[in-house]
Amino acid sequence: MAADVVRCPRMAERIVCAGCGRTANALFAKCPSCGAPLRGTAGGAGPEPRTTKICVGCGRVHGAGFAKCPFCGAPGRSEPTDSGAVSRVPANGPSASATVRDYAAIAVQAMASSAPFVHLDLHPASILALDLFFDVSWGDRGVAPGDDAWRPNPAQRAAIVNLGVCFGEILRRDLGGAWEDDAAQGSDPVVARLVLPGGMRCFPVSRAWKRMQSGASESFETMHAGLRRMAGVVPSVAELDGWLDHARRFEEAGRRDLAARFYDRAEPLGTDAATHERIDALRRRGAERESAHPTPPQEPPPALPMSPAPAAGLPDSVPPLAPEMLAELVSGRDAMQRGAHGEALAAFDRALAVDPAAKEALLGRAGALLSLGRAVEARVWLDTFAMRADAEPARTFLAAIAADDAGDAPAAHELFARAAADGRLGESHRARALSRSKELASDPRVRARAIERIPELGDVVRAYQALCAEHPEFAEGWRELGVGLSMLGRGDEALSAFDRAIAAQPTEPQGHDHRAVTLARLGRTDAAIAALEAGLRHCPGSAALRFRAGIFLATSGRTTDAFAAFDDVVRWSPCHPEVWASVADLYLREGRTAEGIDAIRRFLASNPGRVHPRVQAARERLWALENPGRTRDVGRASALRGAAVPAFLARDFAGAAVLLEASAVADPIVGETWLNLGSCLAALGRTGEALAAFERAESILGATGDVTQGEVAALLALGRADDAVRCHDRGLALGKPDAAALLSKALTLLRVGRRAEAAPILQRLVARDPANQELRDAYTRAAAAGG
């Protein structure tokens with residue numbers, strides 16, 4: 001645990017424990033309140049702080065012995081910091097800084113101690129990681145929204161202070177400035193402020209308090225973006241690798257949906273085709289991992305090797321519950337013990353109809369699904385309550401069994417290892433988890449995931465060479481080896497590796513695609529096209545290979561053949577996100593403007609809500625084609641948007657609306673302008689105009705969360721509830737829905753009397769968050785009405 005030394009007039013040295021927030025005499029080795037190790041003593045006993053450096057090139061922490069950063073290779077660009085657990089301040093001596101605390105050291109130590117839960121470094125991408133960690137840990141609605149009397153418990157306060165300091169230190173290194181304590185508040189770290197260049201001040205730890213209390217409405221990222229705009233700091237391509245590194249870590253944690261948020265932020269930073277291709281390849285690889293599950297067995301196995309009922313952690317005696325709930329739980333447990341797994345599943349479903357948050361029924365249903373051989377369905381069900389701390393470690397153990405049954409060795413290995421390390425799991429189950437984890441460690445797919453964490457490309461290539469020599473049938477290993485060799489400029493060796501991958505798995509399009517790209521890089525475009533045609537004979541349904549062939553044909557000047565290839569892509573994959581942009585290029589190159597405009601519109605319709613420079617370029621191109629002779633005053637529009645921010649923050653919605661309307665006239669294709677204008681108009685009670693602004697924002701940005709929220713509120717205010725439901729559906733169709741969006745839809749359904757549709761949504765939300773009384777009340781209303 002991180003600890004920080006503060007001056008005390010009565011003792012030579014005291015330590016503030018980051019575990020519970022209480023102060024302790026520095027002579028204690030452990031905090032007397034919570035038992036957390038303080039990792040430092042007044043007399044020097046205990047481990048001394050380890051000197052490290054924080055690289056200002058990539059933001060990572062590394063040992064001071066390196067002349068160059070081992071991650072990014074930046075020479076002489078590191079600044080030293082004390083990453084130890086304590087920051088020593090003499091009792092009566094002068095402070096080395098304007099603050100009582102060394103906030104930089106606290107931030108570094110907090111990042112290190114948070115590593116088991118979330119990866120944080122000093123890169124701006126960690127701000128989004130902080131937001132996601134708060135959402136996962138305390139909910140995107142916060143723990144006490146609207147409760148001015150709320151006070152955090154000691155553990156919550158420790159998280160607020162440590163993670164708030166992390167946020168502030170990232171801001172300081174990004175924008176400049178210095179930490180400053182508030183002497184009037186007794187040096188309370190919650191009110192510590194960051195003095196930024198130009199006299200701006202912000203309170204990062206206080207923001208963390210609000211973030212925990214009120215949820216996503218007080219997001220760290222929103223504050224960071226606003227401060228950057230006011231400071232004139234523009235994201236640069238130098239930040240790209242940090243965003244991709246965070247995306248990879250979230251993918252490794254099995255949260256591809258969250259990794260996509262980092263890819264979306266990374267894409268606008270790279271303007272060259274190679275960068276976009278690299279990001280798209282990483283996205284595809286993540287999608288392949290998620291979908292690489294074999295078909296579940298058709299015949300259910302007679303039983304699991306271990307009875308799932310005790311594995312699910314069902315107690316010997318159910319605590320006092322409603323009589324009907326108790327009866328169904330007992331019935332389900334008895335059926336499991338008799339091997340009547342279908343009967344047990346029905347009993348647990350009936351129990352969940354009574355109380356959708358009942359832990360025993362949630363876990364019992366997962367065990368029944370596993371016993372019926374429905375592993376993929378069980379995994380989806382277990383994800384429903386993945387954040388329920390009271391369901392662990394049984395949920396992790398069941399999830400490991402489900403992943404193992406579904407053939408996902410990397411996920412199963414990680415989950416079994418996590419279960420084996422959890423002392424709350426029964427001894428026999430821990431032994432089984434440990435044994436299976438060791439068995440899976442030799443699986444080539446598990447070893448491949450470990451190789452991906454190696455920082456040096458040369459070491460990665462050598463590791464894949466060793467893996468492929470040991471497992472010559474492992475197609476994925478050959479593909480990754482080929483990619484590494486190609487990046488090192490060893491094209492002929494890469495082609496040989498891709499040939500081995502294709503021979504081992506000819507119906508996998510990735511190997512054919514990588515081989516064609518490598519041939520094109522070697523200047524052998526005709527051979528690349530032939531390789532794609534050969535791949536399509538093995539993978540006739542691959543839209544990716546057809547699209548790649550169209551690109552190469554267009555580059556070679558074979559326009560007619562390129563059109564035919566793109567037509568095939570549309571036939572096989574009508575919603576392909578990139579094909580219409582290439583079709584538009586071909587039409588406009590041929591002088592067929594009307595068809596080019598139609599293709600651009602189709603491209604934008606295929607990419608709703610996507611943050612990507614190609615999407616913005618398509619919007620600008622479409623506007624220029626549809627408005628010949630007209631120009632956009634981008635600079636004036638940007639200045640007006642910036643001027644609207646202080647007016648909005650001061651709640652001068654009328655003044656902000658005037659500025660935003662002028663900005664929209666100067667540059668009408670910036671979706672954020674219309675979104676903010678809609679918010680101002682809604683606050684002024686001009687609901688019809690607000691709805692029109694939100695609809696303009698949706699036509700540009702797609703039905704993103706903020707757009708949908710504003711549009712739904714306006715539609716409900718106008719009495720158009722059915723249209724509000726349809727608006728919800730458009731937003732939910734864009735991606736994996738979050739809890740706030742689902743709750744908003746459920747409440748709208750209740751408002752229009754469609755309770756049967758609201759009930760299953762609310763049932764899943766209550767399973768995730770059983771302490772949320774608002775959800776329970778809404779579900780009760782829906783269920784009581786026959787839902």
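- The shortest heavy-atom contact between L675 and F694 is O-CE2, 3.6 Å.
- Between L329 and F348 the shortest side-chain heavy-atom distance falls below 4.5 Å.
- D422 has no carboxylate O lying under 4.0 Å from a charged side-chain N of R430, or vice versa, which leaves the two without a salt bridge.
- Nearest heavy atoms, L171 versus H224: CD2-CD2, 3.4 Å.
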Item to complete: Might you work through the side chain to side chain contact (heavy atoms under 4.5 Å, CB included) test for F397 and L415, ending with a clear yes or no?
Response: CA-CA 7 Å; F397 185 70; L415 290 166; over 6 Å; no
Practice prompt. Please test D135 against R141 for salt bridge (charged side-chain N to carboxylate O under 4.0 Å, His left out), starting from the C-alpha separation and ending with a verdict.
Written response: CA-CA 8 Å; D135 286 345; R141 294 173 58 85; over 6 Å; no
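- In this structure, R424 places its CZ atom where more than 12 heavy-atom neighbours from other residues, nucleotides or ligands lie under 6.0 Å away.
- Salt bridge status for R388 with E392: absent, with no side-chain N to carboxylate O gap under 4.0 Å.
- Salt-bridge check for D245 with R249: passed, with a basic side-chain N closer than 4.0 Å to an acidic carboxylate O.
- Smallest separation of non-hydrogen atoms from A758 and A746: CB-O, 3.6 Å.
- Of all the heavy atoms in G168 and L194, the pair that sits closest is O-CD2, 3.4 Å.
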Discussion item. Could you go through I761 and L749, starting from their C-alpha distance and side-chain angles, then the distance that decides it, and tell me whether this counts as side chain to side chain contact (heavy atoms under 4.5 Å, CB included)?
Written reply: CA-CA 10 Å; I761 299 174; L749 288 167; 4.0 Å; yes
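- Within the 3.5 Å criterion, the main-chain N or O of A400 finds no donor-acceptor partner in the side chain of D404.
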Item to complete: Please lay out, stage by stage, how D405 and L370 fare under the test side chain to side chain contact (heavy atoms under 4.5 Å, CB included).
Response: CA-CA 8 Å; D405 287 353; L370 286 171; 4.1 Å; yes
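- A distance-only check finds a donor-acceptor pair linking the side chain of S137 to the backbone of F133 [under 3.5 Å].
- Looking at heavy atoms from C-beta onward, I127 lies out of side-chain contact with D174 at the 4.5 angstrom threshold.
- The two residues L425 and A419 come nearest to each other via the heavy atoms CD2-O, 3.8 Å.
- Closest approach of F250 and A129 over heavy atoms only: CE1-CB, 4.2 Å.
- When side chains are defined from C-beta on, L227 counts as touching C202, because their heavy atoms get closer than 4.5 Å.
- Within the 4.5 Å cutoff, the side chain of F167 has no heavy atoms near those of the V205 side chain.
- The CD atom of Q156 sits 12.5 Å away from the CZ atom of R151 when rounded to the nearest 0.5 Å.
- Using modelled atom types, one finds a donor on one side chain and an acceptor on the other under 3.5 Å when comparing S219 with T222.
- Ring planes of F262 and H246: parallel class, angle under 30° (limits at 30 and 60°).
- Distance CD/E698 to CG/L691: 10.0 Å, rounded to 0.5 Å.
- In this structure Q763 satisfies the side chain to side chain donor-acceptor pair (under 3.5 Å) test with no other residue, sequence neighbours excluded.
- In this structure the side chain of V190 reaches within 4.5 angstrom of the side chain of R157, judged on heavy atoms.
- At a threshold of 4.5 Å between non-hydrogen side-chain atoms, the residues R453 and R248 count as touching.
- The OG1 atom of T384 lies 8.0 Å from the CG atom of L362; values are rounded to the nearest 0.5 Å.
- Using cut-offs of 30° and 60° on the angle between ring planes, the pair W381 and F385 is perpendicular.
- Using a cut-off of 4.0 Å between Lys/Arg side-chain N and Asp/Glu carboxylate O, R228 and E239 are scored as salt-bridged.
- In this model, a donor atom of one side chain and an acceptor atom of the other lie less than 3.5 Å apart for T748 and H728.
- The closest side-chain heavy-atom distance from V165 to P189 is not below 4.5 Å.
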Discussion item. Between R255 and E251, does the salt bridge (charged side-chain N to carboxylate O under 4.0 Å, His left out) criterion hold? Intermediate values first, please.
Written reply: CA-CA 5 Å; R255 294 305 302 267; E251 281 191 337; over 6 Å; no
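- Put simply, the side chain of D408 never gets that close to the backbone of A403: no donor and acceptor are under 3.5 Å apart.
- Contact check for D723 versus V712: no side-chain heavy atoms found under the 4.5 Å cut-off.
- There is a side-chain donor-acceptor pair under 3.5 Å between E169 and W179.
- With respect to E218 and R207, a salt bridge is recorded, a charged nitrogen being found less than 4.0 Å from a carboxylate O.
- Summarising the geometry, atom CD belonging to E221 is positioned 4.5 Å from atom CG belonging to L128; distances are rounded to the nearest 0.5 Å.
- With respect to the salt-bridge test (charged N to carboxylate O, under 4.0 angstrom), the residues D121 and R173 do not qualify.
- Atoms CD1 and CG, on I160 and L163 in that order, are 9.0 Å from each other to the nearest 0.5 Å.
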Discussion item. Side chain to side chain contact (heavy atoms under 4.5 Å, CB included) for W243 and H123? Distances and angles first, verdict last.
Written reply: CA-CA 8 Å; W243 287 100; H123 190 278; 3.6 Å; yes
